[in-house]
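To start, the structure under review is shown below, and the notes come after it.
Positions are given from 1 along the sequence. Worth saying up front: this structure is predicted, and the values here are computed from it rather than measured.
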Amino acid sequence: VIIEKYNFYVIAIYYFDYCLQFSLKRFNINRQLGNIMRNRLQELINKYKQKVDYLEVRIENNQTKQIRFFGKSLDSLNQSEAQGGYIRSCYKGGWGFCSFNNIENLEKYIEETIQQSLLLGSEGNEKSILASVNPVNKIQPIKLSGKDPRKISLTNKVELFKHYNDLINLYSDKITASTARYFEKTQAITFLNSEGTYLDHGWIDMEARFSATTQKNGTVQVAQESL
């Protein structure tokens, strides 16, 4: 039973590692196609900005990975990816808004958002007064002072946190439960508006969390640490 359980974890790790590498390649491809995306967004902004007083598009892409050891075994492996964003437009004080998770229909969502603001703005005689802001054009790639976690395989990450979890359990025979958890999130954001601003930036959030539960003479204590 122990061997079968171990084999299951090994297979699971390699499967998730394959998914990780595939997602990383696709993420890199998406970043390489950033100029194509920027040109497409600019075309749409130029096409529709004359219909309203203000128009903006924000697109987000994020990837998350989680590893969790509980007790002396690997408890869970999770990996997910999501893409979406929103569009805002303003016409004579009337604001339109649309959120989405499929950029293939982006032009359709822009038209729907503009239609909302046109309907709301046409109801009165208000005027859109927006703060004057100079356009900003900047592409800020993710910068890390150490190793890039996206280039470290999921297998190596699992092995590292297994090692940490083993250290907790080997510290004392009074330890009755332990956890070692790793969380990683990569976020990429693209923003474009009708006033000439274009921003492309991203960041990575990482967290390691550990806990140990001990029991002696009927007294239970829990210690936690995170970084």
Side-chain angles (χ1 to χ4, degrees), residues 1-32 34 59-85 101 140-190 200-227:
V1 176
I2 294 176
I3 294 176
E4 291 180 352
K5 187 175 183 180
Y6 175 77
N7 288 336
F8 170 77
Y9 285 136
V10 171
I11 294 172
I13 290 171
Y14 277 101
Y15 172 74
F16 276 99
D17 195 25
Y18 168 79
C19 293
L20 170 65
Q21 298 304 322
F22 177 79
S23 296
L24 180 58
K25 289 179 181 178
R26 183 169 62 177
F27 181 81
N28 289 333
I29 291 173
N30 287 341
R31 302 300 290 177
Q32 292 172 5
I59 296 176
E60 298 185 17
N61 182 286
N62 67 72
Q63 296 179 344
T64 60
K65 304 167 189 67
Q66 296 187 66
I67 301 168
R68 183 175 183 266
F69 280 87
F70 179 74
K72 295 183 179 181
S73 62
L74 179 63
D75 183 59
S76 64
L77 282 171
N78 294 302
Q79 178 175 290
S80 63
E81 180 177 2
Q83 187 177 60
N101 55 17
Q140 182 65 53
I142 296 175
K143 293 183 178 180
L144 300 170
S145 58
K147 292 183 179 179
D148 189 336
R150 297 170 296 176
K151 297 180 180 180
I152 300 175
S153 70
L154 185 63
T155 302
N156 290 341
K157 291 175 182 175
V158 170
E159 290 177 351
L160 178 62
F161 275 78
K162 180 182 184 303
H163 171 67
Y164 291 152
N165 191 60
D166 289 342
L167 290 177
I168 296 174
N169 285 287
L170 292 172
Y171 187 81
S172 172
D173 58 3
K174 296 181 178 62
I175 294 177
T176 58
S178 67
T179 61
R181 176 180 177 270
Y182 174 74
F183 174 81
E184 176 187 315
K185 181 178 181 180
T186 303
Q187 186 92 7
I189 296 178
T190 300
D200 190 341
H201 65 106
W203 64 88
I204 298 179
D205 291 325
M206 293 172 286
E207 180 189 52
R209 185 180 294 271
F210 308 95
S211 72
T213 303
T214 61
Q215 184 174 356
K216 181 180 179 181
N217 299 327
T219 302
V220 177
Q221 288 188 331
V222 179
Q224 298 182 355
E225 188 68 34
S226 61
L227 53 95

Quiz: residues 213-227 side-chain donor-acceptor pairs under 3.5 angstrom, not counting sequence neighbours:
none

*Heavy-atom side-chain proximity of Pro149 to Leu144 below 4.5 angstrom*: yes

*Can you tell me how far the OG atom of Ser76 sits from the CZ atom of Arg181, to the nearest 0.5 Å?*
8.5 Å

*Would you sort out whether Asn78 and Lys65 count as a side chain to side chain contact (heavy atoms under 4.5 Å, CB included), showing the intermediate values?*
CA-CA 6 Å; Asn78 294 302; Lys65 304 167 189 67; over 6 Å; no

*Please walk me through it: do Gln83 and Glu60 pass side-chain hydrogen bond (donor to acceptor under 3.5 Å, both in side chains)?*
CA-CA 6 Å; Gln83 187 177 60; Glu60 298 185 17; over 6 Å; no

*Check step by step if side chain to side chain contact (heavy atoms under 4.5 Å, CB included) holds for His163 and Asp166.*
CA-CA 5 Å; His163 171 67; Asp166 289 342; 5.6 Å; no

*Under 4.5 Å between any side-chain heavy atoms of Ile152 and Lys157, yes or no?*
yes

*To the nearest 0.5 Å, what is the distance between OG1 (Thr64) and CZ (Phe183)?*
6.0 Å

*In terms of the angle between their ring planes, are Tyr164 and Phe210 parallel, tilted or perpendicular, with boundaries placed at 30° and 60°?*
perpendicular

*To the nearest 0.5 Å, what is the distance between OG (Ser80) and CD (Gln63)?*
8.5 Å

*Given side chain to side chain contact (heavy atoms under 4.5 Å, CB included), test Ile59 with Ile189 step by step and report yes or no.*
CA-CA 6 Å; Ile59 296 176; Ile189 296 178; over 6 Å; no

*Distance-minimising heavy-atom pair for Arg68 and Leu74*: O-CD1, 3.6 Å

_Nearest atoms (heavy-atom pairs only) where Phe70 meets Asp75_ = CB-CB, 3.8 Å

*asked:* Quick check on the 6.0 Å ring-centre criterion: do Tyr182 and Phe161 meet it?
replied: yes

*asked:* Run Arg150 and Thr186 through side chain to side chain contact (heavy atoms under 4.5 Å, CB included) and show every step you take.
replied: CA-CA 9 Å; Arg150 297 170 296 176; Thr186 303; 3.9 Å; yes

*Which side chain to side chain donor-acceptor pair (under 3.5 Å) pairs, counting each pair once, include a residue from residues 168-180, with sequence neighbours left out?*
Asn165-Ser178, Asn169-Ser178, Thr179-Ser211

*asked:* Using 0.5 Å steps for rounding, measure from the CD1 atom of Ile204 to the NZ atom of Lys185.
replied: 12.5 Å

*Do His201 and Thr190 have side-chain heavy atoms sitting under 4.5 Å apart?*
no

_Audit row: Glu207, Arg209, salt bridge (charged side-chain N to carboxylate O under 4.0 Å, His left out) steps and yes/no_ = CA-CA 7 Å; Glu207 180 189 52; Arg209 185 180 294 271; 2.8 Å; yes

*Side chains of Ile67 and Leu154: does their closest heavy-atom pair fall under 4.5 Å?*
yes

